[in-house]
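Written out below as structure tokens is the structure these notes cover.
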Protein chains: 2
Amino acid sequence: MSKRQKNLSVSAEALRKAEALCEINGLKLTKLRKQVLKLIWRKPGYVKAYDLLDELKKIDPSAKPPTIYRTLDFLIENGLIHKLQSLNAFIGCHHPHEHNECYFLICDSCQKIEECCSKKINNVVASTSKNNNFIPNKVTFEIAGTCQNCLN
Amino acid sequence: MSKRQKNLSVSAEALRKAEALCEINGLKLTKLRKQVLKLIWRKPGYVKAYDLLDELKKIDPSAKPPTIYRTLDFLIENGLIHKLQSLNAFIGCHHPHEHNECYFLICDSCQKIEECCSKKINNVVASTSKNNNFIPNKVTFEIAGTCQNCLN
DNA sequence: ACAAATATGTTATAATATAACATTAATATT
DNA sequence: AATATTAATGTTATATTATAACATATTTGT
């Protein structure tokens with residue numbers, strides 16, 4: 001399977017998951033939201049908001065910054081995508097609603113992102129919070145560095 | 001000791017540490033850099049770049065965005081302050097150069113920041129990276145939520 | 001004293017994001 | 001079905017965050 005084919009199937013799978021989840025949860029995955037989600041998945045790595053806006057404009061020339069940012073907000077709130085805080089960028093979530101704590105390995109060299117979800121990390125977040133009498137709400141955990149592929 | 005006094009002494013201590021470290025490492029803590037570092041420590045929580053710029057302008061009316069951003073870059077590179085990626089904000093480091101991995105508990109309610117450094121977290125970063133054949137460079141770990149004080 | 005490197009000054013603009021209000025579409029209520 | 005309510009989208013304007021590019025000054029090394 002070619003890279004492009006693989007990406008297409010990942011994207012299609014993500015879209016199906018998103019539709020199913022919105023159905024179940026009574027969320028409206030409108031035409032606009034679906035288009036944006038599709039655009040996000042179309043790129044192999046992460047996407048920047050204004051790049052997304054440029055893509056969207058090709059479909060809907062009247063699109064403007066609030067169009068994108070509102071849609072991103074919806075997708076983030078409902079766990080369909082994540083914001084990478086250290087990059088001001090966005091990326092599709094591979095397992096929406098399974099849980100809400102995701103961690104990222106960001107390759108500085110090839111821009112690829114690895115989404116990691118580990119019990120160990122969750123435990124550390126929980127224990128760190130507990131030790132400080134802190135009630136966690138949103139966790140940002142991003143490790144930038146070099147991926148295996150780029151080391152060679 | 002009053003809150004203000006405490007803050008003053010924390011700030012003074014931080015400044016002394018910064019001076020000592022720059023001395024040792026052959027870094028130039030110029031007048032501008034020291035002023036900015038002082039302004040950062042003067043606030044109890046975190047600071048935004050343009051707020052800092054406004055403060056700096058009171059001392060030096062010719063200050064402009066690059067003045068602040070360049071100075072922040074120097075301070076970050078040399079471990080004297082941290083950038084909070086999820087807030088686009090800056091905060092002084094309590095233990096510059098002791099190590100470079102710091103984690104933050106950010107109270108959404110009172111804006112106070114707790115700087116946490118834990119072996120456990122370092123271990124998780126190391127093991128997560130290793131499991132993914134990833135060489136970590138910069139870690140962003142920020143937990144937003146509610147602090148003990150704000151729960152009551 | 002001179003060259004090179006570093007730091008700062010200055011202008012302009014890029015990149016990221018939101019406020020505020022208008023309109024349209026979907027849903028619920030009578 | 002008509003109406004009210006809520007949710008989504010459209011639109012204009014502007015706020016916020018950050019950097020590029022080039023000029024000048026200061027410090028450091030030779």
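Heavy atoms only: backbone and side chains are in, while hydrogens, waters and symmetry mates are out. Labels below follow one simple rule: chain letters A, B, ... track the order of the sequence lines, proteins then strands, and each chain is numbered from 1.
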Legend entry - Full working for side chain to side chain donor-acceptor pair (under 3.5 Å) between N88(A) and Y50(A): CA-CA 11 Å; N88(A) 294 323; Y50(A) 275 75; over 6 Å; no
Legend entry - Check against side chain to side chain donor-acceptor pair (under 3.5 Å), K120(B) and T128(A): CA-CA 9 Å; K120(B) 233 193 229 172; T128(A) 302; over 6 Å; no
Legend entry - Test log, rule side-chain contact (heavy atoms from CB on, under 4.5 Å), inputs C116(B) and N132(A): CA-CA 9 Å; C116(B) 299; N132(A) 288 276; 3.8 Å; yes
Legend entry - Evaluation steps, salt bridge (Lys or Arg N to Asp or Glu O under 4.0 Å), between E142(B) and K138(A): CA-CA 8 Å; E142(B) 300 169 13; K138(A) 204 194 66 180; over 6 Å; no
Legend entry - Stepwise side-chain contact (heavy atoms from CB on, under 4.5 Å) test for C102(B) and E115(B): CA-CA 7 Å; C102(B) 298; E115(B) 184 175 349; 3.3 Å; yes
Inset, instruction - Give the C-alpha distance, both sets of side-chain angles, the deciding distance and a yes or no for salt bridge (Lys or Arg N to Asp or Glu O under 4.0 Å) between R16(A) and E19(A). - result: CA-CA 5 Å; R16(A) 275 196 303 275; E19(A) 281 171 353; over 6 Å; no
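Rounded to an integer number of Å, the gap from D54(A) CG to dA14(C) C1' is 13 Å. One atom, CG of L87(A), and another, P of dT16(C), lie 10 Å apart when rounded to the nearest Å. Note: CG (D73(A)) to C1' (dT18(C)) measures 10 Å, nearest angstrom. dT6(C) atom P lies 18 Å from atom CG of L32(B), rounded to whole Å. Taking atom NZ of K34(B) as the reference point, atom P of dA7(C) lies 15 Å away to the nearest angstrom. Taking atom OH on Y46(A) and atom C1' on dA15(C), their separation rounds to 14 Å, with Å as the unit. Rounded to a whole Å, the CG atom of D60(B) is 18 Å from the P atom of dA7(C).
Near-neighbour residues of DNA chain D inside residues 16-31 of chain A, defined by a heavy atom below 4.0 Å, number-ordered: K28(A), T30(A).
At dT8(C), one or more side-chain N or O atoms of R33(B) fall inside 4.0 Å of OP1 or OP2 (strictly under the cut-off). For N88(B), no side-chain nitrogen or oxygen approaches OP1 or OP2 of dT16(C) to under 4.0 Å.
Here the range on DNA chain D touched by chain A, meaning any atom under 4.0 Å from one of its heavy atoms, is dA7(D) to dT12(D).
In this structure, F141(A) and F141(B) have parallel ring planes: the angle between them is below the 30° cut-off, well short of the 60° mark.
Judged by distance alone, the side chain of N25(A) and the main-chain N or O of L21(A) form a donor-acceptor pair under 3.5 Å. Under the 3.5 Å distance criterion, the side-chain polar atoms of D60(B) are matched with a main-chain donor or acceptor of S62(B).
Note: the hydrophobic cluster containing L27(B) also contains I76(B) (ILVMFWY, side chain heavy atoms under 4.5 Å, direct or indirect links). Note: the hydrophobic cluster containing L32(A) also contains L37(A) (ILVMFWY, side chain heavy atoms under 4.5 Å, direct or indirect links).
Residues S62(B) and P65(A) each lie close to DNA chain C; by heavy-atom proximity, the contact nearer the 5' end of the strand is made by S62(B). In terms of position on DNA chain D, the residue among F74(A) and Y69(B) whose nearest nucleotide sits closer to the 5' end is F74(A).
Pairing each heavy atom of K57(B) with each of A63(B), the nearest pair is CE-O, 3.3 Å.
Within 3.5 Å, a donor on the side chain of Y50(A) pairs with an acceptor on the base of dA17(C), or the reverse.
Across its full length, the helix from dA1(C)-dT30(D) to dT30(C)-dA1(D) shows an angle of 30° between the axes of its 5 terminal pairs at either end, rounded to 10 degrees.
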